[in-house]
Visitor: 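Sending over a structure as structure tokens; questions will come in a sec.
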Protein chains: 2
Amino acid sequence: MVDADRGERSPAVPDRLVAEATRMFAERGFERTSVQDLVTAAGVTKGAMYHYFDSKDDLLYAIFQRLLAMQRERLDGYAKAPGPVADRLRAAAADLVRTSIENMDEAVIVFRSLHMLSPERQRAIRAERRDYQERFLAMVEEGRREGVFRSEVPLNIVATQFFGAVHHLGMWYRRGGGLDGAGLGDHFAELLMSGLLARD
Amino acid sequence: MVDADRGERSPAVPDRLVAEATRMFAERGFERTSVQDLVTAAGVTKGAMYHYFDSKDDLLYAIFQRLLAMQRERLDGYAKAPGPVADRLRAAAADLVRTSIENMDEAVIVFRSLHMLSPERQRAIRAERRDYQERFLAMVEEGRREGVFRSEVPLNIVATQFFGAVHHLGMWYRRGGGLDGAGLGDHFAELLMSGLLARD
DNA sequence: AAGGATATCGAACACGGGTTCGATTTCCGC
DNA sequence: GCGGAAATCGAACCCGTGTTCGATATCCTT
């Protein structure tokens, strides 16, 4: 019973740990989730966990990276795609909202528990996120140069407000509220575009 | 040397404690600030603190309430003022941004450490905030009835995105960045209005 | 089948945390 | 100035925490 079993019975231990940690950190918060509760929920003991992760911090860091790496990769897709920049930007924005909602647990953790990471790792994550926003802003800038975006409000403020709203999703969005991730993504993207285009 | 002294030398102990707690909770986070560090910074001992506050939680709760009560009161002012609803809403929005920036420490704590409160108090704070948003939304609804606001995007989503962005301010706004609270408030309000008014 | 490496266990450790409480000092009305 | 109440101290307490580590079980290679 080896890899074949892992696929059919239950996931490998590291994966189970990350999965449980994601669920519990999102629900109770990082600091209110003890390592003991965590490993119990995952059906192992502390020793097993410390075999795969150097610390509780490590586990948290892994969660951060998974979501951010995924979203950065997706953004790259839109940035490099052909077509008008306005369309690509709108699609990228809607996609960010959608993936944030579909990975709500991770999203909640990222925006709520960043300051629980060790300082170096905080810096690393912040850098990654800054990188994401800069790539995003590069598309906005591209649109501005082409004369597509010409808002009264500084464009980076428009984009920043959008990011703020996205990061805050975890605080209020609940499933089954009559609006799924894709629907909300469309609205959010629409709102972003109206901000970038508006001129009164 | 009593009240007169409190006014001229240093604030009363409970005030000092709240002030230090606000600063430290915002900087290091609630859970990374020990009661010992806190009382040392405030120049007293644990006993003094536990004389005024039942728990560390109590202290946190006091910080929450101060900011929320202040902002709710201000919102009421705009809601009850005379004049077109669009103007009042814009002013209220700009004011929320401004007061959030001027009380950045409290704002950071509110949005970052809500889940550290005891469940009952979490509920209480959430209820207060919901109340705030409902009053705000009532003005939006007023404008919709009058035909002033007619966005493609559902109005409550526009408003919610605005709140999200405001709550997220603490994550990126830094003083001395060439844009003060009032200036940013204007931009944010402008953006909110453009969302509420837009129709394409 | 043997052997070493990997995975998992389980108990103990070290430590800092929030909280309690009786002693001591400071304050204020009489 | 006295006396009781309020404020403050300081040390001890208890508990849960993340982490370590040697022992044991399981696996994969040869």
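Each chain gets a letter, A, B and so on, in the order its sequence line appears, and its residues count up from 1.
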Visitor: Is any NZ, NE, NH1 or NH2 atom of the basic residue among E190(B) and R90(B) found under 4.0 Å from an Asp or Glu carboxylate oxygen of the other?
Guide: yes
Visitor: Taking any heavy-atom pair under 4.0 Å as a contact, classify T45(B): base, sugar-phosphate, or nothing.
Guide: base
Visitor: Around R150(A), counting heavy atoms of other residues, nucleotides and ligands shown, do more than 12 lie under 6.0 Å from its CZ?
Guide: no
Visitor: Once the angle between the rings of F136(A) and F162(A) is folded into 0 to 90°, is it parallel (under 30°), tilted (30 to 60°) or perpendicular (over 60°)?
Guide: parallel
Visitor: Calculate the interatomic distance between L17(A) atom CG and dT8(C) atom P; express it in whole Å.
Guide: 9 Å
Visitor: Can you tell me how far C1' of dT8(C) sits from CZ of F53(A), to the nearest Å?
Guide: 15 Å
Visitor: Counting side-chain heavy atoms from CB outward, which of dG18(D), dG18(C), dA7(C) is closest to Y50(B)?
Guide: dG18(C)
Visitor: Specify the residue among K56(B) and G47(B) whose closest nucleotide of DNA chain C lies further upstream toward the 5′ end.
Guide: K56(B)
Visitor: Could you tell me the separation between the OH atom of Y52(B) and the C1' atom of dG18(C), rounded to a whole number of Å?
Guide: 20 Å
Visitor: Could you tell me the separation between the CG atom of D58(B) and the C1' atom of dG18(C), rounded to a whole number of Å?
Guide: 13 Å
Visitor: Tell me: CD of E31(B) to P of dG18(D), nearest whole Å?
Guide: 13 Å
Visitor: Kindly indicate whether a cation-pi arrangement holds for R121(A) with Y61(A), taking the cut-offs as under 6.0 Å to the six-membered ring centre and within 45° of the axis.
Guide: yes
Visitor: Under 4.0 Å between a side-chain N/O of H51(B) and OP1 or OP2 of dT8(D), yes or no?
Guide: no
Visitor: Given the side-chain rings of H167(A) and H168(B), with only the six-membered ring counted for Trp, is the space between their centroids under 6.0 Å?
Guide: yes
Visitor: Can you check the R32(B) CZ to dG16(C) P distance for me, whole Å?
Guide: 15 Å
Visitor: Just the rounded figure in Å: distance from P of dA12(D) to CD of Q36(B).
Guide: 14 Å
Visitor: Once you round it to whole Å, what is the distance between C1' of dA7(C) and CG of D15(A)?
Guide: 15 Å
Visitor: Give the nucleotide from the list dT8(C), dG18(C), dG18(D) with an atom nearest to the side chain of V13(A).
Guide: dT8(C)
Visitor: Please evaluate the base of dT19(C) for a donor-acceptor partner in the side chain of K46(B) within a cut-off of under 3.5 Å?
Guide: yes
